[in-house]
> 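The structure is given below, and queries will be raised subsequently.
All values reported here derive from a predicted model rather than from experimental measurement.
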2 protein chains.
Amino acid sequence: MTCSINYAPQLRAQGLRMTPQRNAILHVLHHSGGHLSPTQVYKQARKEYPRLTEPTVYRTLEDLAEKKFLLAAHVGNGKIVYELAAKQHHHLICHKCGGTVQVEHAPLELLYRQLESSTGYKLDSGHVTFFGLCSDCQS
Amino acid sequence: MTCSINYAPQLRAQGLRMTPQRNAILHVLHHSGGHLSPTQVYKQARKEYPRLTEPTVYRTLEDLAEKKFLLAAHVGNGKIVYELAAKQHHHLICHKCGGTVQVEHAPLELLYRQLESSTGYKLDSGHVTFFGLCSDCQS
DNA sequence: ATCCTTATTGCAACTTTTTACAATAGCACA
DNA sequence: TGTGCTATTGTAAAAAGTTGCAATAAGGAT
């Protein structure tokens with residue numbers, strides 16, 4: 001806990017409590033600045049707060065994602081990774097080399113509107129992942 | 001094995017062998033006509049071929065999906081379900097009631113082209129799932 | 001500062017998924 | 001029909017993820 005970021009007020013504003021477990025989890029996600037799997041989060045956050053357990057990690061990640069503090073991205077074979085919610089974006093993954101490109105949400109807006117009018121669904125920030133071959137792997 | 005569908009030649013054309021295990025798995029997917037989780041496939045296919053084991057199911061589903069005999073859809077919290085590959089489509093899922101709507105691929109084509117030109121990736125049949133609230137759950 | 005409500009956690013047991021490796025059995029070919 | 005190559009499988013064990021419930025503790029109210 002050397003950094004001074006305090007998520008407590010934001011959490012409380014959403015009816016969530018700040019606990020040392022959540023602090024450790026958020027701290028890890030903040031400093032790794034990328035996507036982490038629940039297991040990765042568990043292993044790292046455990047160093048900061050050894051009493052942390054797996055169920056807590058899984059539940060916390062789900063809860064924080066539901067309240068939009070985290071984004072859950074579905075990567076590869078049904079794997080899920082989390083990252084701190086910044087601006088909304090999606091992922092484009094090369095299934096040969098695993099390379100990842102971030103895709104802005106803007107180009108998806110039109111599609112969202114179309115789907116909403118044709119299905120009656122109201123689409124929200126759900127994460128979308130595209131798969132393909134990156135330019136290097138197309139040879 | 002009362003039905004007479006024979007996938008063997010198609011499998012062999014892809015360098016895959018036909019085994020009783022794969023037969024049972026394909027058979028189950030064929031007759032359930034929907035999305036099944038690996039566990040569901042395992043439990044049902046086991047009735048047809050009791051020697052079947054979990055690792056075989058997971059590997060087979062992955063292999064068959066890679067060769068496009070199956071489609072893998074990423075549903076909900078990183079869960080994965082499989083279905084026989086028919087025409088390409090995507091899913092729109094209500095995260096309140098779980099209701100699912102199929103989305104044709106056509107409306108996504110334009111987006112695919114845009115993303116390809118802006119990222120250099122060549123997109124393929126990767127499965128995409130959207131999340132939102134269905135009309136009933138919007139109240 | 002203390003109490004009270006209830007969100008959150010840990011525990012323990014369980015289910016699901018993955019991995020490594022040796023044994024098996026498709027199937028192409030002679 | 002038999003032989004050989006190797007894809008595929010089972011086994012065993014580990015890793016990852018889930019569930020129910022009782023105990024704990026966050027933080028608003030007194």
Side-chain angles (χ1 to χ4, degrees), chain A residues 1 6-28 35-46 48-67 69-70 72-82 98, chain B residues 1 6-28 35-46 48-67 69-70 72-82 98:
Chain A
M1 229 2 139
N6 186 9
Y7 293 98
Q10 305 171 55
L11 287 183
R12 260 177 247 129
Q14 298 281 329
L16 297 178
R17 293 175 182 174
M18 175 52 91
T19 66
Q21 291 89 342
R22 285 181 177 168
N23 210 336
I25 290 169
L26 285 165
H27 195 243
V28 162
H35 315 119
L36 292 181
S37 69
T39 301
Q40 290 174 310
V41 171
Y42 172 63
K43 287 181 182 162
Q44 293 190 35
R46 195 161 221 237
E48 302 192 15
Y49 192 76
R51 296 173 50 192
L52 190 65
T53 60
E54 282 110 330
T56 296
V57 171
Y58 286 97
R59 283 179 298 216
T60 297
L61 291 174
E62 252 179 69
D63 293 345
L64 293 181
E66 189 179 355
K67 298 289 188 180
F69 287 100
L70 305 180
H74 306 287
V75 173
N77 304 316
K79 298 298 184 186
I80 195 170
V81 293
Y82 292 88
Chain B
M1 225 2 154
N6 186 9
Y7 292 98
Q10 307 171 54
L11 287 183
R12 260 176 248 128
Q14 298 281 329
L16 297 178
R17 295 174 180 173
M18 176 51 91
T19 66
Q21 291 88 340
R22 285 180 177 170
N23 209 335
I25 290 169
L26 285 165
H27 195 242
V28 162
H35 316 117
L36 292 181
S37 71
T39 301
Q40 291 174 310
V41 171
Y42 173 64
K43 287 180 181 162
Q44 293 189 34
R46 195 161 220 239
E48 302 192 15
Y49 192 76
R51 295 173 50 191
L52 190 65
T53 60
E54 282 111 330
T56 296
V57 171
Y58 285 96
R59 282 179 300 215
T60 297
L61 291 174
E62 250 180 71
D63 294 345
L64 294 182
E66 189 180 353
K67 298 289 188 180
F69 287 100
L70 303 181
H74 306 288
V75 174
N77 303 317
K79 299 297 184 184
I80 194 170
V81 294
Y82 292 89

> What is the distance, rounded to the nearest whole Å, between atom CZ of A:Arg12 and atom P of C:dT8?
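In whole Å, C:dT8 P and A:Arg12 CZ are 12 Å from each other.
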> When you compare the protein's N or O atoms with those of nucleotides 14-17 of chain D, which come within less than 3.5 Å of each other, and at what distance?
residue	atom	partner	partner atom	Å
D:dG17	OP2	A:Thr39	OG1	2.6
D:dG17	OP2	A:Tyr58	OH	2.3
D:dG17	O5'	A:Tyr58	OH	2.9

> Grab the CG-C1' distance between B:Asn23 and C:dA25 for me, whole Å please.
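Between C1' of C:dA25 and CG of B:Asn23: 15 Å.
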> Can you measure A:Leu64 atom CG to C:dA7 atom P for me and round it to whole angstrom units?
16 Å
> Could you list the residues that satisfy side-chain hydrogen bond (donor to acceptor under 3.5 Å, both in side chains) with A:Gln21, not counting sequence neighbours?
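A:Gln21: side-chain hydrogen bond (donor to acceptor under 3.5 Å, both in side chains) contacts with A:Thr19.
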> Can you list everything that forms a side chain to side chain contact (heavy atoms under 4.5 Å, CB included) with A:Gln10? Sequence neighbours excluded, please.
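Expected list: A:Tyr7, A:Phe69.
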> Can you measure A:Arg46 atom CZ to C:dT9 atom P for me and round it to whole angstrom units?
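Rounded to the whole Å, the gap is 15 Å.
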> To the nearest 10 degrees, how far apart in direction are the end axes of the helix from C:dA1-D:dT30 to C:dA30-D:dT1, each fit to five base pairs?
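Rounded to the nearest 10 degrees, the bend comes out at 30°.
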> Could you tell me the separation between the NZ atom of A:Lys43 and the CD atom of A:Glu54, rounded to the nearest 0.5 Å?
9.5 Å
> Look for any protein N or O under 3.5 Å of an N or O in nucleotides 6-9 of chain D and output each such pair with its distance, or none.
residue	atom	partner	partner atom	Å
D:dT6	O2	B:Arg17	NH1	3.2
D:dT6	O2	B:Arg17	NH2	3.2
D:dA7	O4'	B:Arg17	NH1	3.4
D:dA7	O4'	B:Arg17	NH2	3.4
D:dA7	N3	B:Arg17	NH1	3.1
D:dT8	OP1	B:Arg17	N	2.9
D:dT8	OP1	B:Arg22	NH1	2.4
D:dT8	OP1	B:Arg22	NH2	3.2
D:dT8	O5'	B:Arg22	NH2	3.2
D:dT9	OP1	B:Thr19	OG1	2.9
D:dT9	O3'	B:Gln21	NE2	2.6

> Quick one: list whatever passes side-chain hydrogen bond (donor to acceptor under 3.5 Å, both in side chains) with B:Tyr42, sequence neighbours left out.
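B:Tyr42 satisfies side-chain hydrogen bond (donor to acceptor under 3.5 Å, both in side chains) with B:Arg46 only.
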> Mind checking what makes side-chain hydrogen bond (donor to acceptor under 3.5 Å, both in side chains) contact with B:Arg59, not counting sequence neighbours?
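Counting only residues at least two positions away or on another chain, B:Arg59 forms no side-chain hydrogen bond (donor to acceptor under 3.5 Å, both in side chains).
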> Restricting to pairs with a member in residues 15-25 of chain B, which pass salt bridge (charged side-chain N to carboxylate O under 4.0 Å, His left out), not counting sequence neighbours?
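Every pair satisfying salt bridge (charged side-chain N to carboxylate O under 4.0 Å, His left out) with a residue in residues 15-25 of chain B: B:Arg22-B:Asp63.
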> Would you sort out whether B:Leu26 and B:Met18 count as a side-chain contact (heavy atoms from CB on, under 4.5 Å), showing the intermediate values?
CA-CA 10 Å; B:Leu26 285 165; B:Met18 176 51 91; 4.1 Å; yes
> Restricting to side chain to side chain contact (heavy atoms under 4.5 Å, CB included), what partner residues turn up for A:Gln40, sequence neighbours left out?
A:Leu36, A:Ser37
> Would you please name every residue forming a side-chain hydrogen bond (donor to acceptor under 3.5 Å, both in side chains) with A:Thr39, sequence neighbours left out?
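In terms of side-chain hydrogen bond (donor to acceptor under 3.5 Å, both in side chains), with neighbours along the sequence ignored, A:Thr39 is linked to no residue.
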> Given 3.5 Å as the limit, does a donor-acceptor pair link the side chain of A:Thr60 with the main chain of A:Thr56, or not?
yes
